[in-house]
Amino acid sequence: MCKKITQKGEKIRNSILNLFKKEKDLSFKVIFSKIGKTLGISENGLRKHIDKLVEQKLLNVRKEGKNNIYTPCPSVKKKFTFDSNNSLITDEKVWIDYILPNLSNIGHSAKEILNYAFTEMFDNVISHANASKIDVNLYVDPIQTYITVSDNGIGIFKKIKDDLNLQDEHQSLLELSKGKFTSNPKEHSGEGIFFTSKACDLFAIFSGNLFYSLSQQSDIGAFVEMENSNSSGTTVFMAVNNNTSRSLKKVFDTFTSSTEDKSFSKTIVPVKLLRYKDEGIISRSQARRLLARFDKFKYVILDFSGIDSIGQAFADEIFRVYVNAHPEITLTYRNANQSIKNMISHVN
């Protein structure tokens with residue numbers, strides 16, 4: 001199971017497994033009739049992918065006459081609780097003793113990503129959350145593996161707010177999205193949450209009254225403020241496709257600024273996280289809040305998705321004042337409408 005799957009192979013296997021969401025038993029003939037033409041794959045080609053899913057124990061097969069009948073294998077569902085003050089409980093020990101034994105049927109890349117993601121999130125709780133208890137939920141179905149790590153600590157957004165002396169917890173989302181934030185720089189790089197969120201197919205954090213999520217379909221994320229919620233601690237949710245073609249190395253390489261410099265030197269910042277409720281993006285103070293800690297990077301991309309317009313003072317502070325003061329940083333933008341582009345051109 002060390003052979004890495006291609007993007008095309010990932011798509012084919014996902015298409016096969018998705019058929020079983022509605023039907024329990026399917027013959028090869030039915031599977032081919034439903035997806036063969038759409039995927040442009042031959043019978044022999046499809047059969048190889050189905051055989052691989054059987055080998056992985058994601059599908060079972062039985063004979064009915066001359067036909068092979070396929071059914072999804074039972075899902076794995078586990079829950080573990082740990083005392084975070086027990087010095088014998090470490091991220092690596094929990095991964096090796098509790099999580100890994102349940103992942104024998106998933107692909108190499110999926111296992112690699114989950115190893116990194118789980119150990120980073122579990123260690124974050126031990127190191128930063130001031131929690132006494134950690135709950136881990138593991139669910140493995142034929143398509144994806146889901147892991148949640150929950151604690152009863154201070155709450156991640158409150159922790160960031162207090163450490164950076166921010167006005168409210170909402171501002172913590174913006175700092176979290178930039179990456180390289182840690183309250184303990186001697187022992188941590190501040191890269192764990194950032195790269196975990198980029199590596200997983202779906203990643204979400206729920207703490208206090210804020211819910212923040214990212215997926216492979218949207219690398220800038222989305223957030224929801226829950227009006228009637230004030231949950232204690234933090235819950236981190238991670239989902240990875242069992243046959244993902246994405247490698248951890250590829251995720252890391254995306255955020256390096258050059259082939260020579262392999263450090264985490266590039267980030268993408270969603271400008272919409274700067275906005276609180278319906279306020280406009282207009283002032284220099286907002287710009288300075290956005291620009292905070294940009295000096296930790298060599299290459300910064302501002303993503304203007306969801307923003308209709310920006311004010312002259314905001315644009316001037318970023319694209320003239322800051323750019324002139326920091327020639328060592330390459331600052332660019334994407335997903336800007338014509339109005340925003342015109343304002344940026346105006347201040348330049």
Write down the atom of Thr332, the atom of Tyr299, and the distance for their closest heavy-atom approach. CG2-OH, 3.7 Å
Measure centre to centre between the rings of Tyr98 and Phe118, then say whether the value is under 6.0 Å. no
side-chain hydrogen bond (donor to acceptor under 3.5 Å, both in side chains) partners of Gln286, counting only residues at least two apart: Ser283
Please identify each residue that fulfils side-chain contact (heavy atoms from CB on, under 4.5 Å) with Asn348, with sequence neighbours left out. Phe319, Ile344
Closest approach of Tyr212 to Ser177 (non-hydrogen atoms, all atoms of both residues): OH-CB, 3.7 Å
Can you tell if the side chain of Val76 reaches within under 4.5 Å of the side chain of Lys78, non-hydrogen atoms only? yes
Are Leu138 and Lys77 close enough that some pair of their side-chain heavy atoms sits under 4.5 Å apart? no
Give the minimum heavy-atom separation between Ala287 and Ile318, together with the two atoms involved. CB-CG1, 3.7 Å
For the ring pair Phe195 and Phe264, is the centre-to-centre distance below 6.0 Å? yes
Go through the steps to decide whether Arg293 and Asp295 satisfy the test salt bridge (charged side-chain N to carboxylate O under 4.0 Å, His left out), and finish with yes or no. CA-CA 5 Å; Arg293 300 191 307 108; Asp295 58 348; over 6 Å; no
Apply the test side-chain hydrogen bond (donor to acceptor under 3.5 Å, both in side chains) to residues Asn67 and Ser27: give CA-CA distance (whole Å), side-chain angles for both, the deciding distance (0.1 Å), then the verdict. CA-CA 7 Å; Asn67 296 318; Ser27 67; 5.9 Å; no
Taking only residues two or more places apart in sequence or in another chain, which ones pass side-chain hydrogen bond (donor to acceptor under 3.5 Å, both in side chains) with Asn130? none
With the side chain counted from C-beta on, respond yes when Val149 and Val125 share a heavy-atom pair under 4.5 Å apart, and no when they do not. yes
Going by heavy atoms in the side chains, are Ile329 and Lys298 under 4.5 Å from each other? no
Any side-chain heavy-atom pair of Asn68 and Lys63 under 4.5 Å: yes
Side chains of Asn105 and Cys73, heavy atoms from C-beta outward: is any pair under 4.5 Å? no
Side chain to side chain, Glu317 and Leu290, heavy atoms closer than 4.5 Å: no
Using the ring centroid of each side chain, check whether Phe20 and Tyr70 are separated by less than 6.0 Å. no
For Ser245 and Glu10, the nearest pair of non-hydrogen atoms, with its separation, is OG-OE1, 2.7 Å
Is the closest side-chain heavy-atom distance between Asn243 and Leu58 below 4.5 Å? yes
